[in-house]
Amino acid sequence: MVRVRFAPSPTGYLHLGGARTALFSWLWARSQGGRFVLRIEDTDRARHDEASAEAILESLRWLGLDWDEGPEVGGDFGPYFQSERQAIYRQFAEQLVARGVAYRCYATAEELKAARDAHTASGSKAPFKYPGIWRDRTDWPEHQPYAIRLKVDERGQTGWNDLVKGRIDIPNQTQQDFILLRSDGLPLYNFGCVVDDLSMKIDIVTRGDDHVINTPPQLLIYEALGHEPPRFAHVPMILSQSGEKLSKRHAAVSVLEYRDAGYLPEAVLNYLARLGWSHGDQEIFSKEELIRLFAWENVGTSAARYDAKKFLHVQATHLRRQSPQRLAELVRAAIRSDEAVDARWLADNVTLDKAIATATSRATTLEEVANTIRYALLPRPHYDSSAVAKFLSEAACALLVEFAALLESLPTWELGALETATQDWLDARNLSMKALAQPARVALTGQSKNAGLFEILDVLGLERSCDRLRSAAQALRSGAEEAPL
RNA sequence: GUCCCCAUCGUCUAGAGGCCCAGGACACCGGCUUUUCACGCCGGGUACGCGGGUUCAAAUCCCGCUGGGGACGCCA
């Protein structure tokens, strides 16, 4: 059974790049009937942060990237927080020392700094390397803290066949006797990562491109441990719109920001998947399609730039593909916290469904849907002052009052008939549809931009429509020119 | 500086030697539709970084250059 993992460090939130790495792993696990393992890399206490870890879990939950093993669900290979695995790292490290492939290093931070400074002063262009002071010594001082370093043979090269990048070989000369376990007992990233991937029986390590350089040391550790390494898949990075590494400085990199802005999780997944992966000319994918179609060979090799407009387009497309039921559910959730909204209308399926149906072609996010239909859920719409000033002239208001009377005079409240009757009525007065529609739209919704007039009338119904037409006109008449709506 | 990765329209990408004087999507620019705003529909421009090879044939293979990105911690 395939076992893959996502191993984020809890440094604040799940960003787009991390989410995509998680997605690719998850897709592979799901398509192979494998296991998706979540492990939190919080070895460094400075990085151990409950809130951050929770934000990551929440992001994954929202995206629907469920994990089979990890925090909250447990599993046979736990614990799944590195901070709880220190004994395991120690055991592995000491085992390597016992076998003579790693050694204790008692060099202090000061000594190392001095060596580094001397190296810098010498003007050498080569990068500084640990001079191997303790490599072959056994005169270990008592009660002194020590780090554990791997004995690295700097001849030859270390390489692997990357699932996305193909063959990569890196000269061992670029390596050194790097640290496995710090003198305070905590593992360094490369060691903790290998020990965990090994003991959790991971067979594909998926991570960002920026980790390519960590792979040779990790391979050396697998070798020292006497184990076959897993396979590696290094996915290209996501760059900001301006082409730099994505960071908090760039707007909206956190997954939860998209949730809060009214994006759909499947839209985020779709957009992320298409950033670096492709399936011919297809742009829109459901989650199920992604699972079915995902393959490592179709993951691209070059970095991709984040593009907000394309993302929005993908989001809009997914929004329009939602079933009315799900959409109503999501819009309710998005709108619930708005206290001005009348719960009665929010609960009214007929009104809500009709309203939502008029909004999907002109909104891209749930947030926008909510804003578009809010007029139907409020006791009185919120009137946009410039719209009122522009369209609710005295003449227009008079027309609205007459229009209300017309509506009430109709034998049935049926859309087709309503439209014909209105058109005839306008024709008789030699007026254009525009002359009525704009003022009416403002009176009914408070906005100059919204659904078609007859759609709005249908959403509100006869009674509320007439009420709004008259009260808007009334308010203007009684309340002077500054439109006290 | 050293090492590594990458290189097709503005952006995401299709393209695994002839089907490509390069296709799709977003964006952009026109037009149609029209009760506003959208949706939708039709049309348009724009790309294989450069130089060498290999081959009957190269966007596709090889080399170099250039450009971009990443990594060089007792961080992850």
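The figures here come from the full heavy-atom set of this structure, side chains too, leaving out hydrogens, waters and symmetry mates. Each chain gets a letter, A, B and so on, in the order its sequence line appears, and its residues count up from 1.
rU34(B) atom C1' lies 12 Å from atom CD of Glu419(A), rounded to whole Å. Atoms CG (Leu188(A)) and P (rC72(B)) sit 11 Å apart, rounded to a whole Å. Between the CD atom of Gln282(A) and the P atom of rU13(B) there is a distance of 16 Å, given to the nearest Å. Trp425(A) has its CH2 atom 16 Å from the P atom of rU35(B), to the nearest Å. The separation between Asp184(A) atom CG and rC74(B) atom P is 12 Å, rounded to whole Å. Across the protein-nucleic acid pair, Arg167(A) atom CZ and rC5(B) atom C1' stand 15 Å apart, rounded to whole Å. The separation between Leu239(A) atom CG and rG10(B) atom C1' is 15 Å, rounded to whole Å. For the pair Asp281(A) CG and rA25(B) P, the computed distance is 8 Å after rounding to whole Å.
Taking the C1' atoms as reference points, rU11(B) lies 31 Å from rU36(B), given to the whole Å. Going from the P atom of rG73(B) to that of rC3(B) covers 16 Å, rounded to whole Å. Distance noted for atom P between rC62(B) and rU55(B): 16 Å (whole Å). Remark: the separation of the C1' atoms in rG30(B) and rU66(B) is 38 Å, to the nearest Å. To the nearest whole angstrom, the two C1' atoms, one in rC56(B) and one in rG49(B), are 28 Å apart. Taking the P atom of each, rG24(B) and rC37(B) are spaced 30 Å apart, rounded to whole Å. Atom C1' of rU54(B) sits at a distance of 11 Å from the matching atom of rG17(B), rounded to the whole Å.
Across all strands shown, rC42(B) is found opposite rG30(B) as a Watson-Crick or G-U wobble partner, with both distances under 3.5 Å. Across all strands shown, rA59(B) forms no Watson-Crick or G-U wobble pair with both distances under 3.5 Å. Using Watson-Crick or G-U wobble geometry with both donor-acceptor distances under 3.5 Å, rU11(B) finds its partner in rA25(B). Under the Watson-Crick or G-U wobble criterion, with both distances below 3.5 Å, rG49(B) is paired with rC65(B). Across all strands shown, rG17(B) forms no Watson-Crick or G-U wobble pair with both distances under 3.5 Å. Base pairing of rC72(B) is made with rG1(B), judged by Watson-Crick or G-U wobble geometry with both donor-acceptor distances under 3.5 Å.
Among rC5(B), rU35(B), rA76(B), the nucleotide with an atom closest to any side-chain atom of His211(A) is rA76(B). Which of rA76(B), rC6(B), rC39(B) sits closest to the side chain of Arg320(A) comes down to rC39(B). Residue Ala437(A) has its side chain nearest to rU35(B) when only rA76(B), rU35(B), rU13(B) are considered. Of the candidate nucleotides rC26(B), rC74(B), rC3(B), rC26(B) has the atom lying nearest to any side-chain atom of His313(A). Residue Arg274(A) has its side chain nearest to rU13(B) when only rA76(B), rA71(B), rU13(B) are considered. Checking rC12(B), rG70(B), rC39(B) against the side-chain heavy atoms of Leu275(A) singles out rC12(B) as nearest. Distance from the side chain of Asp209(A) is smallest to rC5(B) among rC12(B), rC39(B), rC5(B). Side-chain proximity of Pro171(A) to rC3(B), rC5(B), rC37(B): nearest is rC3(B). In this structure, the nucleotide among rC5(B), rA76(B), rA7(B) sitting nearest to the side chain of Thr301(A) is rA7(B). With rU36(B), rA38(B), rG73(B) as the choices, the nucleotide that has an atom nearest any side-chain atom of Gln438(A) turns out to be rU36(B).
In this model, the phosphate group of rA71(B) is approached by a side-chain N or O of Lys245(A) to a distance below 4.0 Å at OP1 or OP2. Between Thr43(A) and rA76(B) there is a side-chain N or O to OP1 or OP2 distance below 4.0 Å. Phosphate proximity of rA14(B) to Ser278(A): present, with a side-chain N or O under 4.0 Å from OP1 or OP2.
In this structure, Asp307(A) does not pair ionically with Lys309(A), as no charged nitrogen and carboxylate oxygen lie closer than 4.0 Å. One finds a salt bridge joining Lys129(A) and Glu154(A) here, because a Lys/Arg side-chain nitrogen approaches an Asp/Glu carboxylate oxygen to under 4.0 Å. For the pair Arg362(A) and Glu368(A), the salt-bridge criterion is not met [side-chain N within less than 4.0 Å of a carboxylate O]. With respect to the salt-bridge test (charged N to carboxylate O, under 4.0 angstrom), the residues Arg39(A) and Glu41(A) qualify. A salt bridge links Asp197(A) to Arg5(A): one of the charged nitrogens lies within less than 4.0 Å of a carboxylate oxygen. A salt bridge does not link Arg231(A) to Asp162(A): none of the charged nitrogens lies less than 4.0 Å from a carboxylate oxygen.
Here the options are Arg20(A), Lys165(A), Lys245(A), the test is salt bridge (charged side-chain N to carboxylate O under 4.0 Å, His left out), and the partner is Asp209(A); only Lys165(A) passes.
Neither side chain, Asp196(A) nor Tyr80(A), offers a donor N or O lying under 3.5 Å from an acceptor on the other. When only modelled atom types and interatomic distance are considered, Thr11(A) and Ser9(A) share no side-chain donor-acceptor pair under 3.5 Å.
At the heavy-atom level, Leu436(A) lies nowhere under 4.0 Å from the strands shown. Counting any heavy atom pair closer than 4.0 Å across all strands shown, Asp307(A) reaches sugar-phosphate atoms only and no base atom. Phe454(A) comes within 4.0 angstrom of a nucleotide base, judged by non-hydrogen atoms across all strands. Ala107(A) comes within 4.0 angstrom of a nucleotide base, judged by non-hydrogen atoms across all strands. Looking at heavy-atom distances under 4.0 Å, Gly276(A) makes contact with sugar-phosphate atoms alone, never a base. Among the heavy atoms of the strands, none lies under 4.0 Å from Arg207(A). Using a 4.0 Å heavy-atom distance criterion, Gly300(A) is classed as making no nucleic acid contact.
With hydrogens and angles left out, the side chain of Arg305(A) and the base of rU11(B) share no donor-acceptor pair within 3.5 Å. The base of rA76(B) has none of its N or O atoms less than 3.5 Å from a complementary donor or acceptor on the side chain of Asn190(A). With hydrogens and angles ignored, a donor-acceptor pair closer than 3.5 Å exists between the side chain of Lys310(A) and the base of rA25(B).
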Self-check item: Worked verdict on Phe191(A) versus Phe178(A) for side-chain contact (heavy atoms from CB on, under 4.5 Å)
Solution: CA-CA 10 Å; Phe191(A) 188 59; Phe178(A) 57 87; over 6 Å; no

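Residue-to-nucleotide proximity on RNA chain B shows that, of Ala451(A) and Arg149(A), the 5′-proximal contact is made by Ala451(A). Heavy-atom distances to RNA chain B give each of Ala126(A) and Gln176(A) a nearest nucleotide, and the one nearer the 5′ end belongs to Ala126(A).
rC39(B) shows a glycosidic angle within 90° of 0 and is accordingly assigned syn.
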